[in-house]
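Keep in mind it's a predicted model, so treat the numbers as computed, not measured.
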Amino acid sequence: MTSSLLSGVAFGESSGASPGKSSGGAVPEGSTAPTRILDWRDPRVTALVRELGAAPAAGDPADPVGRVDPARRIEALHRAHTWISAAVRPVYSVQDGRPVSEVLRRGRGSCSQRMAVLEAVARAYGVPTRVRGLLVDGTFWYPRFPRLRRIVPDRVLLAWPEFRIGTPASWLTVSELLGGLRPVAAERGGGFTNAGPETLFEALSRTAIDWDAAPAACPSGGGAGAACDLSAYVLADLGHYTSRDDLFARHGQTLCAPARLIADPVLGRRGAA
C-alpha cells in the first residue's frame, strides 16, 4: 500500500506553464539556457565544468549542438557522470526543485538532483537538454523502504533527461548517452533492482534503463533484459518539456510543499543503502 495523502503531483491539471507535448502538439527542442534549477552559470557549476576538462564551449558558433565533434561532448558528459557519482553522495532528498549549485554546495543529492547536475553540465557545454515526464508507480521504491511502505507516495514524478547530440544531431535519453560506459563495467552484469547501495543514477553507467519496453534498448541474454525493462512501473507519460523547471511548474513535485518541508531535513541526509 502506498500513500497519496501528501502528493504534490497535479496529474492532468494545468498550472499555467507551457505543456511539453500535448495530443498532436510539437515536441520541445530543448535548450542550453540556464534555469532556476539548471543554474550552470553559477560559480560552483562553472568550476566543475573547468575541472572536468575540455569540450566545446557553450555557444560555440562553430559547433552549436556538438555536430563538429560530438564525441568530445559525449566523453565530457561521461566524465561528468563519473564525477557526480563519486562526489555527490546519494540521499533521498525530496526537493526536486533545488538548484544544481546548491546540490553541489551540499555535496549530496537524490537521483533526480544528480541528473539535474548532469543536465546543467551538458548545457554549459552547449548541449541542448530536455526532460520527459513520467509518473512512476511508488511500488518501484518498495525495496528501498521495506518497513516504511505506507509512507511511499503512490506515484512519483520522474524527470528523465534527454540530450541533443551527434551527427546528425538527435535526441538521446540519459541511458543511451551513458551507454558507452557499459562495456567497461559489463562484467558486473544484471539489471537495476532499486535495492542496495546502487541507485538509479549509478546504474546508468552499468546497465540500460528502459521505460518503454523497447526491445532494442535491453540486452536479451543473461536475464538482464527483464530487469532493464521498467515499463510496467510507468503509470502515465506526461510528454516532453524544455526543462525540468517547466515540468514541475505544470505538474508539481512528488510531494506537496508542506510535506517536502517536513521530510527533506530527514530524508535529505539519509544515504541510499
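- Once rounded to the nearest 0.5 Å, the distance linking CG of Leu118 with CG of Leu38 reads 10.5 Å.
- Once rounded to the nearest 0.5 Å, the distance linking CG of Leu178 with OG1 of Thr82 reads 8.5 Å.
- The nearest pair of heavy atoms linking Leu200 to Trp211 is CD2-CZ2, 4.3 Å.
- For Gly97 against Ile37, the heavy-atom pair with the smallest separation is O-CG1, 3.5 Å.
- For Arg41, there are no salt bridge (Lys or Arg N to Asp or Glu O under 4.0 Å) partners, not counting sequence neighbours.
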CA sep, side-chain torsions, deciding dist, call: Glu119, Arg123, salt bridge (Lys or Arg N to Asp or Glu O under 4.0 Å): CA-CA 6 Å; Glu119 288 176 68; Arg123 290 192 176 205; 5.5 Å; no
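- Using a 4.5 Å cut-off on side-chain heavy atoms (C-beta onward), Arg36 and Pro99 make contact.
- Residues passing the side chain to side chain donor-acceptor pair (under 3.5 Å) test with Ser231 are Asp229, sequence neighbours excluded.
- A donor-acceptor pair is defined here as one N or O able to donate and one able to accept, closer than 3.5 Å; such a pair exists between the side chain of His78 and the backbone of Leu177.
- The ring pair (Phe, Tyr, Trp, His ring centres under 6.0 Å) check on Tyr233 picks up Phe140, with sequence neighbours excluded.
- Classification of Arg106 and Glu102 as a salt-bridged pair holds, one side-chain N sitting under 4.0 Å from a carboxylate O.
- Residues Gly53 and Tyr125 approach most closely at O-OH, 3.0 Å, considering heavy atoms.
- Considering only heavy atoms from C-beta on, Phe201 stays 4.5 Å or farther from Val88 through its side chain.
- Side-chain contact between Leu238 and Leu157: present, with at least one pair of heavy atoms (C-beta onward) separated by less than 4.5 Å.
- Across every non-hydrogen atom of Thr242 and Ser31, the tightest pair is CG2-CB, 3.7 Å.
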Would you check, one step at a time, whether the test side-chain contact (heavy atoms from CB on, under 4.5 Å) holds for Val100 with Trp40? CA-CA 8 Å; Val100 164; Trp40 62 259; over 6 Å; no
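- Expressed to the nearest 0.5 Å, how far CG of Asp96 lies from CZ of Phe248 amounts to 4.0 Å.
- Between Phe163 and Ile74, every side-chain heavy-atom pair lies at or beyond the 4.5 Å cut-off.
- Using a 4.5 Å cut-off on side-chain heavy atoms (C-beta onward), Val174 and Pro161 make contact.
- Rounding to the nearest 0.5 angstrom, the gap separating the OH atom in Tyr241 from the CG atom in Leu247 is 6.0 Å.
- Looking at residues two or more places apart in sequence or on another chain, you find a side chain to side chain contact (heavy atoms under 4.5 Å, CB included) between Thr173 and Trp160, Glu162, Ser175, Glu176.
- Using modelled atom types, one finds a donor on one side chain and an acceptor on the other under 3.5 Å when comparing Ser112 with Arg244.
- Summarising the geometry of Leu52 relative to Ala80, their closest heavy-atom pair is CD1-CB, 3.6 Å, with the distance given to 0.1 Å.
- Looking at Asp42 and Leu104, their side chains never come closer than 4.5 Å, going by heavy atoms from C-beta outward.
- Here the side chains of Pro90 and Arg114 are in contact, with some heavy-atom distance below 4.5 Å.
- Taking Ser243 as the reference, nothing meets the side chain to side chain donor-acceptor pair (under 3.5 Å) condition, with sequence neighbours excluded.
- For Arg132, the salt bridge (Lys or Arg N to Asp or Glu O under 4.0 Å) test picks out Asp212, Asp237, with sequence neighbours left out.
- A search for side chain to side chain donor-acceptor pair (under 3.5 Å) contacts involving Asp39 returns Ser101, not counting sequence neighbours.
- Residues passing the side chain to side chain donor-acceptor pair (under 3.5 Å) test with Glu51, sequence neighbours excluded: Trp83.
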Test log, rule side-chain contact (heavy atoms from CB on, under 4.5 Å), inputs His251 and Leu135: CA-CA 10 Å; His251 291 287; Leu135 278 182; over 6 Å; no
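- Here CG of Leu235 is found 10.0 Å from CG of Leu134. Values are rounded to the nearest 0.5 Å.
- The heavy-atom pair separating Gln113 from Ser110 by the smallest distance is OE1-N, 2.9 Å.
- Remark: Trp171 engages no residue in a ring pair (Phe, Tyr, Trp, His ring centres under 6.0 Å) (not counting sequence neighbours).
- Side chain of Arg164 to backbone of Pro128: no donor-acceptor contact under 3.5 angstrom is found.
- When side chains are defined from C-beta on, Leu204 counts as touching Met115, because their heavy atoms get closer than 4.5 Å.
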